[in-house]
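A short worksheet on the structure shown next.
Excluded from the calculations below are hydrogen atoms, water molecules and symmetry mates; all remaining heavy atoms, backbone and side chain alike, are included. Since this is a predicted model, take the numbers as computed values, not measurements. Positions are given from 1 along the sequence.
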Amino acid sequence: MTLFRLECKTHTKTLLVWVIVVALLTLGLVSLFPSIKGMGLQQMDLKAMPKEMLKAFNLSDMAAFATIKGYFGYEFQYVMIATGIFAAMLGTNALSREESEGTISYLYAQPISRASIVSSKMLANALIYSFYWIVSMVVAFLVCMIFKESAASVSGLFKAFAQLTVAGWVMGLTFLSIGFLLSSLLSSNKSATSLSLGLVFLTFILGVVGKLKDTFKTLVYFSPVDTALPSAIFKTGIQWNYVWTDLIVLTVSVLLTFLIYGRKDLKA
């Protein structure tokens, strides 16, 4: 429990910074909706572009930009990418930081097993991510309520956000678990940021490529971001096939993390 509290305390400032930045970014993006709607962006003719390209970048339905759900669904996908990076960074730093900063010696001196170290850090970081995500969703919902069009259904918007909250939570935990797996393999956290960025952008690109051609459709399953794309969830609801894929990846990553870290030669 001491390690759990210490891990939470370590990330308090980082958590606050991310929550504030994402809240301000969401406010800034959504506040542009009345102007975008007034510009008639939804009437743009994109027929000259390939349908597959429009689908890959979630631009296939420009008419949706006239509604807060359609506009938010497109704009917030970039916040989802940032969210994935945040979750991946939490995981990638978690275990490797102890060896990199030499604090593993302190843990050695405590009556705690390696399995307890991993479980305490996983629970703490999962809690940190969950708090970040819930606050982000509450802020996003309230901002959308402020700037929504008069005809928008409050209950419909709430239902869409509830589904996005669930899918985004699973997505973040997936990146967190993969980050932990990478962290169990590293002896230094110096490359944690670059690995987190690479992981999220690589999987996002795989999702884009997977939507360009039906031949590559299976690549979408390697993109956790596609599990929680707001535009898709607001239109058709949660796509459970992607969610179950993420849960499988999450479970395998957690199990491998315990296995690898338990056998790892730790450097004090």
Side-chain angles (χ1 to χ4, degrees), residues 15-87 129-172 200-201 204 207-208 211 223-239:
L15 173 63
L16 290 175
V17 170
W18 273 84
V19 166
I20 292 171
V21 169
V22 169
L24 292 176
L25 179 61
T26 302
L27 175 61
L29 289 173
V30 179
S31 65
L32 294 175
F33 171 66
S35 300
I36 296 296
K37 184 181 178 183
M39 290 169 57
L41 186 63
Q42 67 276 11
Q43 298 175 3
M44 287 181 61
D45 188 2
L46 299 178
K47 292 181 179 179
M49 295 183 66
K51 292 182 178 179
E52 292 79 8
M53 184 70 73
L54 294 175
K55 182 180 177 182
F57 290 96
N58 307 300
L59 287 170
S60 55
D61 187 11
M62 290 300 294
F65 275 66
T67 66
I68 189 64
K69 287 173 66 176
Y71 173 78
F72 177 84
Y74 175 76
E75 295 292 346
F76 202 71
Q77 66 180 324
Y78 302 107
V79 177
M80 298 302 300
I81 294 174
T83 295
I85 293 172
F86 173 64
Y129 171 73
S130 298
F131 180 83
Y132 155 83
W133 183 238
I134 290 173
V135 173
S136 298
M137 283 292 92
V138 170
V139 170
F141 177 73
L142 293 176
V143 171
C144 283
M145 286 295 295
I146 294 173
F147 293 99
K148 71 179 181 67
E149 72 277 17
S150 57
S153 168
V154 175
S155 60
L157 196 60
F158 180 81
K159 181 180 178 181
F161 267 91
Q163 292 180 319
L164 179 59
T165 300
V166 173
W169 186 63
V170 173
M171 180 209 77
V200 175
F201 282 115
F204 177 73
V208 171
K211 286 178 283 189
S223 175
V225 173
D226 277 84
T227 302
L229 275 179
S231 56
I233 291 176
F234 282 10
K235 188 175 182 180
T236 60
I238 295 178
Q239 300 184 57

Nearest heavy-atom approach of Gly207 to Asp226 is CA-OD1, 3.5 Å

Scanning both residues in full, the closest heavy-atom pair of Gly168 with Met80 reads CA-CE, 4.1 Å

Q | Residue pair Thr83 / Tyr132, side-chain heavy-atom distance below 4.5 Å | A | yes

request  = Begin with the C-alpha distance, continue with both residues' side-chain angles, and end with the deciding distance and a verdict on side-chain contact (heavy atoms from CB on, under 4.5 Å) for Cys144 and Leu157.
outcome  = CA-CA 9 Å; Cys144 283; Leu157 196 60; 4.1 Å; yes

Would you tell me whether Trp133 and Thr165 have side-chain atoms, one donor and one acceptor, within less than 3.5 Å of each other?
no

For Met171 and Gly84, the nearest pair of non-hydrogen atoms, with its separation, is CE-N, 3.9 Å

- Under 3.5 Å, side chain of Gln163 to main-chain N/O of Ala160, donor-acceptor pair present? no

Tell me whether the rings of Phe141 and Phe158 are parallel (<30°), tilted (30 to 60°) or perpendicular (>60°).
perpendicular

Other residues, nucleotides, ligands: >12 heavy atoms within 6.0 Å of Trp18 CH2: yes

- Would you say Phe161 and Phe72 make side-chain contact, with heavy atoms under 4.5 Å? yes

Using only atom types and a distance under 3.5 Å, with no angle test, would you say the side chain of Tyr71 pairs donor to acceptor with the backbone of Leu29? yes

All heavy atoms of Ile85 vs all of Val200, minimum pair found to be N-CG2, 3.6 Å

Between the CG atom in Leu164 and the CZ atom in Phe234, the distance rounded to the nearest 0.5 Å is 5.0 Å

inquiry  = Could you tell me if the side chain of Ile134 sits less than 4.5 Å from the side chain of Trp169, heavy atoms only?
reply    = no

On a heavy-atom basis, the closest approach of Ala87 and Gly172 is CB-O, 3.2 Å

In the structure I gave you, are the side-chain heavy atoms of Lys148 and Val154 within less than 4.5 Å of one another anywhere? yes

What one should report as the nearest heavy-atom pair of Ser223 and Phe204 is OG-CA, 3.9 Å

| query | Counting distance only, does the side-chain N/O of Glu149 pair as donor-acceptor with the main-chain N or O of Ile68 below 3.5 Å? | reply | yes

### Message
Determine whether Leu32 and Phe147 satisfy the following criterion, side-chain contact (heavy atoms from CB on, under 4.5 Å), listing intermediate values before the conclusion.
### Response
CA-CA 9 Å; Leu32 294 175; Phe147 293 99; over 6 Å; no

